[in-house]
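To start, the structure under review is shown below, and the notes come after it.
Within every chain, numbering begins at 1; the chains are lettered A, B, ... in the order of the sequence lines, protein sequences first and strands thereafter.
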Amino acid sequence: MKKEKLLVTSALTYANGKLHIGHVAGSYLNADIFVRYQKLIENDVIYIGGTDDYGTPISLKAEEEGVSPKVIAERYNQSMKKDLEGINIQLDNFSGTSRPRHIEISQDFFTNLLEAGYVTKKTLKQLYDKKYKRFLADRYIEGICPHCKAEGARGDQCDSCGKLIDAINLIEPKSKISGKTPVIKETTHWYLNLPKFEEELRTWLSTKTYWKDNVRNFIFSWLNEGLKERAITRDLNWGVPIPLENTKGKVLYVWFEAPIGYISSTQEWAEKKGKPDLWKDYWLNPETKLIHFLGKDNIPFHTIIWPSVLMKQKEPYILPYDVPANEFLNLEGQKMSTSRNWTVWVEDFLKYFDGEYLRFYLAANAPESKDSDFYWKDFQAKINNELNNILGNLANRTFIFAKKYFDGKISKPDNLSEYSKKTLKEADKLAGYIGKSYNNYQVRKATRLLMDIARSGNKYFDETQPWVEIKNNKAKAEETLFVCMELLRIISILYSPIIPKSMKKLRKMMNLNKKILWKNLGKIPGKFEIGKVSQLFQKIEDSEIKKQLELLKATQKGRKEMIKHKEEIEYDDFSKLEFRIVKILEAGKIEKSNKLIKLKISIGGEERTAVAGISQSYEPEGLIGKKVAMLINLKPRKVMGVESQAMILSAEDDGKFAVLVPDKEVKSGSEIL
RNA sequence: GGCGGCGUAGCUCAGUCGGUUAGAGCAUCGGAAUCAUAAUCCGAGUGUCCGGGGUUCGAGUCCCUGCGCCGCUACCA
């Protein structure tokens, strides 16, 4: 069979934190398993990754710590590299986008697109915050709508009349960061002309019928909404500077430049190997299959924008062959969140458990076609019931028996019984399915099928009863052991992409020293000789799981939230606000809205209508009759067609609302001072 | 509300092109066995395949519709 050439990548990870199980489940483990399988079948494959060093969160963190962003990026780059090694994810190269090589090639990419006429320069007027010395993104600006004169219009759109606004046309604009009036400054940005790519993209994408459904759905909904020009530069200090004269402070936008990191990381790899041009053998070779592993949030960038960028380079870069995207991994039934510390850091996991266990569990439970969950109890069950009881015990009972009665030496019998033949044949059939599963990114399935082989071994052992045969027909007992060892030998090959370290250990016990290759599956040895044996896996105690759950809860309670305070105000500012206790007379959902409730309230004798965005925490009926706190002299505003003449006061906690009610009975209309 | 996804056993899920009596693991109950990490093996199941309608000789699967849940998005004055 002809060797294939493959270039596999895992999505670049933001270098603003440590590696967690979401990264592993999303794009590292599945890529690593795929790559290891490709190596088993002797394809030429390299596996490339790295960190995305330019995210805004990184500059913010650097500011907080008073260091340069480069320090942060390099710190987490190293930390991730170490954690990946800790769970045996074997990348051929792990680079970072703030390294010089990457900067250079990103600039080339930009220049090529510009010269080919796919990048448009536009000068526009933007609002600039003098205090913070930066241009303001639309959502950081507020002002009066030039169309309907409503206050509180955002920089991009007026919520009152729904019209789109250019931020510089706002009347009396205010910066939301400093509260000051920004100045108008001219700035220049470069836009990628995506509409110009649309036809070419459609033609190319229409050949990708073999892509996963979730990926195709995503792309076509994007295409059908219509592609728009997108700015590929920003006014920032931390990023890849654009390679033009007099453009200080302009950098490439991360989504443009980050995927180029795959190329710069490959170059870095080639250089380390001492063959600086070797990268071209992959990136510029039409025979190479380029496969990007990533999470679903990254689909549009890798299937629309990135191919567009690649198409118009001077060198004939290959385009992605496949983009197997995973869905998300949740933790204990809740969405993971690094800011809430609701995740499991790989570094912490490795303090308590073997990395192989994480690989096994995440493989068995991978979010391939829909979101899946990491449950600690389920983790324990899978490790104990499957890895230990089924597989570990099969190896252990076979080895101990062989040691005890045969001094560890088991020869192949001259004739195998029908049952033995059938058992081996079944395993061989499963091996074929497993190979296919690996090749189709179906890690869950591969894991399940593998367990089936181990199960069949236990069944075979039980039914052939070697502990009985050893007394009256020693050869029969030896046959059983031979077949079980052969199953273990096959398993040691088949399982090596998922739990490589354990399978290596297994092979060592069996004195199997040949290189692990798929083609050796069918080569049944004439005899087995067991070396020193020990248990393959250890069980996880209830107490260990309890501890993990407690740790998880503790990080929730112990977490200190940094509250960012607003600007100090004068008493006069406060005294302008009129808060009163009002009684809710009627409440009902607003049609077509998800969060809004329409309220009829009485302030003393006066009745008004108000809109409140709290329907995720309150049923309208439950509000009727309540006396609540409201701000009543805010300028009325139409929301979803209803005029709101007061604003309810409520405390927000993680998306849930609690309305404020007085501690004692007071009459409606009472002023709050 | 718009777009997308999901709904199958107590739990986690598989179910190919529409094809017999809807499957696996875990958990539960009963049994066998004693080589083994009390591990293993056999057996027993339980199902309104979310509801309703349609297409079809035949629907978990395709179409329409209703409900529920999740993600993105708009609406939190």
Distances under 3.5 Å between protein N/O atoms and the N/O atoms of nucleotides 13-17 of chain B, please, pair by pair.
from  : atom 1 : to     : atom 2 : distance (Å)
B:A14 : OP2    : A:K370 : NZ     : 3.3

TODO: Calculate, to the nearest 0.5 Å, the distance between atoms CZ and OG belonging to A:F482 and A:S411 respectively.
DONE: 8.5 Å
Task: A:K208 and A:Y210 side chains, donor-acceptor separation under 3.5 Å - done: yes
- [ ] Would you mind pulling out the nucleotide paired to B:C57, Watson-Crick or G-U wobble, both distances under 3.5 Å?
- [x] B:G19
Task: G-U wobble or Watson-Crick pairing nucleotide for B:A24 (cut-off 3.5 Å, both distances) - done: B:U12
Task: A:R230 charged N/C atom sitting above A:W255 aromatic ring, 6.0 Å / 45° - done: yes
- [ ] Is it possible for you to check whether A:K474 lies under 6.0 Å from the centre of the six-membered ring of A:Y405, through NZ or CZ, and within 45° of that ring's axis?
- [x] no
Measure all distances between protein nitrogen or oxygen atoms and nitrogen or oxygen atoms of nucleotides 35-43 of chain B, and list the pairs falling under 3.5 Å.
from  : atom 1 : to     : atom 2 : distance (Å)
B:C35 : O2     : A:R397 : NE     : 3.3
B:C35 : N3     : A:R397 : NE     : 3.4
B:C35 : N3     : A:R397 : NH2    : 2.6
B:C35 : N4     : A:R397 : NH2    : 3.0
B:A36 : O3'    : A:N396 : ND2    : 3.2
B:A36 : O2'    : A:N393 : OD1    : 2.9
B:A36 : O2'    : A:N396 : ND2    : 2.9
B:A36 : N1     : A:R397 : NH2    : 3.3
B:A36 : N3     : A:N393 : ND2    : 3.2
B:A36 : N3     : A:R397 : NE     : 3.2
B:U37 : O4'    : A:Q535 : NE2    : 3.0
B:U37 : N3     : A:N388 : OD1    : 3.1
B:U37 : N3     : A:F537 : O      : 3.3
B:U37 : O4     : A:F537 : O      : 3.3
B:A39 : OP1    : A:K539 : NZ     : 3.2
B:A39 : O5'    : A:K539 : NZ     : 3.1
B:A39 : O2'    : A:N389 : O      : 3.3
B:A39 : O2'    : A:N393 : ND2    : 2.7
B:U40 : O2'    : A:R397 : NH1    : 3.3
B:U40 : O2'    : A:D462 : OD1    : 2.9
B:U40 : O2     : A:D462 : OD2    : 3.0
B:C41 : O4'    : A:D462 : OD2    : 3.0
B:C42 : OP1    : A:K459 : NZ     : 3.1

To the nearest Å, how far apart are [X] [atom1] and [N] [atom2]?
X      : N     : atom1 : atom2 : result
A:L634 : B:C76 : CG    : P     : 12 Å
A:N330 : B:U12 : CG    : P     : 13 Å
A:F374 : B:U12 : CZ    : P     : 16 Å
A:E368 : B:U12 : CD    : P     : 18 Å
A:F328 : B:C6  : CZ    : P     : 16 Å

Open item on the list: Please give the distance between the C1' atoms of B:A32 and B:A39 as a whole number of Å.
Closed with: 15 Å
- [ ] Give a yes or no answer on whether the side chain of A:E368 reaches the backbone of A:R444 with a donor-acceptor pair at less than 3.5 Å.
- [x] yes
TODO: Sort and list the pairs that fulfil side chain to side chain donor-acceptor pair (under 3.5 Å) and have at least one residue in residues 483-492 of chain A, not counting sequence neighbours.
DONE: A:E486-A:R489, A:S492-A:R507
Task: Near-ring test A:F293/A:Y441, centroid separation under 6.0 angstrom - done: yes
TODO: Return the 5'-most residue of the pair A:A381, A:Q645 with respect to RNA chain B, ranking by each residue's nearest nucleotide.
DONE: A:A381
TODO: Could you label the plane-to-plane angle of the A:Y419 and A:Y460 rings as parallel, tilted or perpendicular, counting under 30° as parallel and over 60° as perpendicular?
DONE: tilted
